[in-house]
Structures are given as structure tokens and as C-alpha cells.
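As the structure is a prediction and not an experimental result, all values here were calculated from the model.
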Protein chains: 2
Amino acid sequence: MKRIIEGDMEKVSEFTVRRLSGYFRILADLEQNDVVTVSSARLGELGGVTSAQVRKDLSYFGNFGTRGLGYKVSDLKNTIMKILGLKKEWKMALFGAGSLGRALFFHDGFKEDGFFFTRIFDTDPAKIGASWGNIRIQPVSEAEESLQNDPVNIGVVTTPKSAAQATVDLMVRVGVKGVLNFAPVRVEIPSEIWLRNVNLAVALESLSFYMSSQ
Amino acid sequence: MKRIIEGDMEKVSEFTVRRLSGYFRILADLEQNDVVTVSSARLGELGGVTSAQVRKDLSYFGNFGTRGLGYKVSDLKNTIMKILGLKKEWKMALFGAGSLGRALFFHDGFKEDGFFFTRIFDTDPAKIGASWGNIRIQPVSEAEESLQNDPVNIGVVTTPKSAAQATVDLMVRVGVKGVLNFAPVRVEIPSEIWLRNVNLAVALESLSFYMSSQ
DNA sequence: TAGATTGTTAATCGATTAACAATC
DNA sequence: TAGATTGTTAATCGATTAACAATC
């Protein structure tokens, strides 16, 4: 029996983490539909993976099932939320108040998971001063002081490519622990800060690759 | 020597395809900076992979380098564009004129790659009739006829979860070859249609997982 | 030519799956 | 109890890397 998220944690791959995100969403749906228990076979079927994969993924964190019965939907959902760190609230600062930034700001999925934007920064005078929800768009020149006084956990980059590195550098200076970068450039970042890059074009390019090859 | 995209194409993994997207962007940058040749070592360094990985990825499609010299930046960029199917123009229909749809519609990266939205559909009467760029937002009720008359290659789903499957079914009926789904549900689709799911929350959940585990 | 770098093979690494004893 | 399903080990599969002959 292993404990959740501890020193003895075996190397958990990004593959496993991403599948846990999937299981979490499926379990939330099942819970909503008043399903009480689920087997690894059923969960795998709904998630498009084998039952062995489901059990293996969960086994990195503990024994959550009952032999002969399966898993309690509600309990497993909560367990996975805990594993993924979704029981906390995460504060985020948005850099870049363009249409992508706006879409992320208003994205319901983030709020449901406990991710909240508490600050928005942009350089465009036409945008500064406006408000999204109850957050005012501030000039980037105020960002460093503002974030020193009231820190966030995560920085989200939706600036143009040319501004991405400077934005990340600023985020690192004010002590963010994680960066989600939507600008299509590789940014340098100290190894103790977590970084995830999201490139919206990659999925489309993969589609066109396979569509071209028949 | 292998030919590009042909019957004898070895199984090319999604990993390789996604890295090709990365090489393409790096090569475009290098070209812009008037760099003429690049070695697999340098390309790997810029892309965060080993030189062997770069050469292996390219070797699925042919011999594009010169021993002792490396690769011609411009030529390799064009070759990869051809491989990824970015030399064509791809027409896309957008279903869901919310803030995410809007962000994708105006996303420059898509246009640069040859992906164009030619149609926008929504069910919200408040949105129907408005225009983005020079495309008018049409009611979904008109979608099937409209797309029969003037087809698109790719359908993009930014509807709510509850509408995603019906939207995909419609897309399949009008003959799209690929679907890019942003709704956080698994949709069923015939196996001859290519499908890519993008879930914006997954990258954030991965961040919070690793941030929680220190 | 000598040095550099490719293209490819073989070795390694890591992720997935099959199988089954444990057990509810 | 008998049937179902977990948790885990060992086997398999596939992706990455190291190494090097070929060659510019």
C-alpha cells in the first residue's frame, strides 16, 4: 500500500497524469448520473484505455478499489482530485488580454477545477483600465510590484512570441511556481519552476498530416 | 531512400508528427533570421530533443541532409511543410461562437499554416447575424445545407459538452475529413474520420499535480 | 585530404498489456 | 460459496538513444 504523493512516490509519467485528468472528468460525469460504483473495465471503456492501464495508473498512488466490486465513483473522483491538486485553489495571473486570454479567463473548466485568474496584464493602452468580470486589466509596468504584494501560483502567457521570454522572466522574479505558455516559442525557465507549453496549431497540423496521407 | 507520404511509409507515430510541428516552427524562425544551414545537433538543441531523435524523425520521410554539412534551412522547412500537409489550404467550419471560438477564429498561427475558417455556426439568436472578419455567424439549423453546398475539410467544435456529439454527427454527415474537438467529452466518430481532442484544462492539471508533489 | 555530420542499425529504456493469485 | 474484479508481476511492445560506417 502506497501513500498519496509522498517521498516514496515512484516516477509517475506525464502519460499517467494526463490519463488521471481523463478519469477525473469521466468520474464527475458518472457521479452526476448517480452511478455509484465503476470497474476498471468500464472506466477504461469510457476513457479509451485498457482496464490494466486504469489499474496500473491508480496503483502508483494507492489501493482504491475493492476486489470483486470495483471503485466507488465518488471516492475515486475525490481521490484523483486530491492527487491532481484540485482540492486547493490556485491563483493565476494572465499576461496578454487578447482574444485567447479572454477565452481562458472566461473558461468554465478552469473555475470548476479550482483555477482562478486574480490578475490581468497587458501593454495595450486601449485595453488597460477595462474590466473582465471584476478584474481590472492593469499595465504590465505595474505587474512586478502588484504580484510581489499579492502573489499568484501560476502565470499564464498569451502574449505575442516576442514578449513571451520577458514575461516569463518577470513571473519567475515574482515567485510563480508554474507557467502555462501559449506563445509558440520555447522559453527558458529555472528548473524548479514547472512549465507546460500549449500550442494550438499542433493538433491541427497533426490532423492535416494524417488527412494528407489519406 | 524513402519517398514522402506513400504506401511504403513506415508507421509514423504521433510523437514524431508533433515533433515535426516543432521543427517546422524552429526552421521558420531560423529562416527569418537568415540562417542558411542547420545540423541535427543544433535543431535538436533548439527543440529540446537529441540529434539522433531529429535524424530518426526525418528518416521516416527521406534523406534531406548532406553529410558533413547538415540541412538547408529553407529546403527542410518546405519539406516538413509538405509532410505536414501545410502546402494546401484547409477550409474549416467553426461550431460555437463563444469566446474560445472567437480566439481560434482570430488566431494568427492557423492562417500562417494555411487553415482558414470559412463558416461559423451558433444557436444563440444574440450571436446569429453578427460577423467576424467577413464571415457571418449562421444558425446551426442552416449548417447541414450550407456545408453540403460548400464543403469544408475540418470541423472545429467549441460548443458546450451537451452539444458536442450532435455537432460531430452533423460534421460527419456533410463529409468533413477531420475534427478538432475542444469540448471536454469523448465523442464517437467513424474510424475513417480523423479526430483530435484538445482539453485546455489538462495542461493546468498537470501543472497542479507536479506543483502539489513539490 | 581531414573534419563534420548524416542515415541507420542495434542496444536501451520505458510504457503498455496480459495474466493470475488474492480476495471481496 | 461462486463470480467478479482488483493489484501486481512478468512479458511485450514501441520509442529513444548510442554508436558508427558512409560520405560530403
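Atom CZ of B/F182 is separated from atom CG of B/N199 by 10.0 Å, given to the nearest 0.5 angstrom.
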Let me have a per-nucleotide readout for nucleotides 17-24 of chain D, 5' to 3', with B, S or -, counting only protein heavy atoms under 4.0 Å. SBB--BBB
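With respect to the salt-bridge test (charged N to carboxylate O, under 4.0 angstrom), the residues A/R196 and A/E14 qualify.
Listed by chain and residue number, A/L86, A/W90, A/F115 satisfy the side chain to side chain contact (heavy atoms under 4.5 Å, CB included) test with B/S208 (two or more places apart in sequence, or in another chain). Annotation: salt bridge (Lys or Arg N to Asp or Glu O under 4.0 Å) contacts of B/D150 (sequence neighbours excluded): B/K91, B/R119. Residues passing the side chain to side chain contact (heavy atoms under 4.5 Å, CB included) test with A/E89, sequence neighbours excluded: A/F116. Under the rule for a side chain to side chain donor-acceptor pair (under 3.5 Å), the partners of A/K161 that lie at least two apart in sequence or sit in another chain are B/D29. Applying the salt bridge (Lys or Arg N to Asp or Glu O under 4.0 Å) rule to B/E112 yields no partners; only residues at least two apart in sequence or on another chain are considered. With sequence neighbours excluded, no residue satisfies salt bridge (Lys or Arg N to Asp or Glu O under 4.0 Å) with A/R67. Partners of B/K77 under the salt bridge (Lys or Arg N to Asp or Glu O under 4.0 Å) rule, at least two apart in sequence or in another chain, are B/E31. Listed by chain and residue number, B/K87 satisfy the side chain to side chain donor-acceptor pair (under 3.5 Å) test with B/N78 (two or more places apart in sequence, or in another chain).
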In dot-bracket form, how is DNA chain D paired, counting a Watson-Crick or G-U wobble pair only if both its distances are under 3.5 Å and using | for bases paired to another strand? ..||||||||||||||||||||||
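Regarding A/R18, its CZ atom lies at a distance of 13 Å from the P atom of C/dT16, rounded to whole Å. Across the protein-nucleic acid pair, B/L58 atom CG and C/dT8 atom P stand 11 Å apart, rounded to whole Å.
Between the side chains of B/S51 and B/R55, a donor-acceptor pair is found at a separation under 3.5 Å.
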Set out, line by line, the N/O atom pairs under 3.5 Å between protein and nucleotides 11-14 of chain D.
none

Go through it in stages, so that I can follow the logic: the residues are A/F64 and A/Y71, the test is ring-ring contact (aromatic ring centres under 6.0 Å, His included), and I'd like the CA-CA distance, side-chain angles, deciding distance and then a yes or no. CA-CA 7 Å; A/F64 308 121; A/Y71 304 86; 7.8 Å; no
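Ring pair B/F121/B/F95: centre-to-centre distance below 6.0 Å.
Close to D/dG7, at under 4.0 Å from its OP1 or OP2, lies a side-chain N or O of A/Y71. Contact check, A/R19 against C/dA15: no side-chain N or O comes under 4.0 Å of OP1 or OP2.
Residues of residues 33-44 of chain A having a heavy atom closer than 4.0 Å to DNA chain C: none are found.
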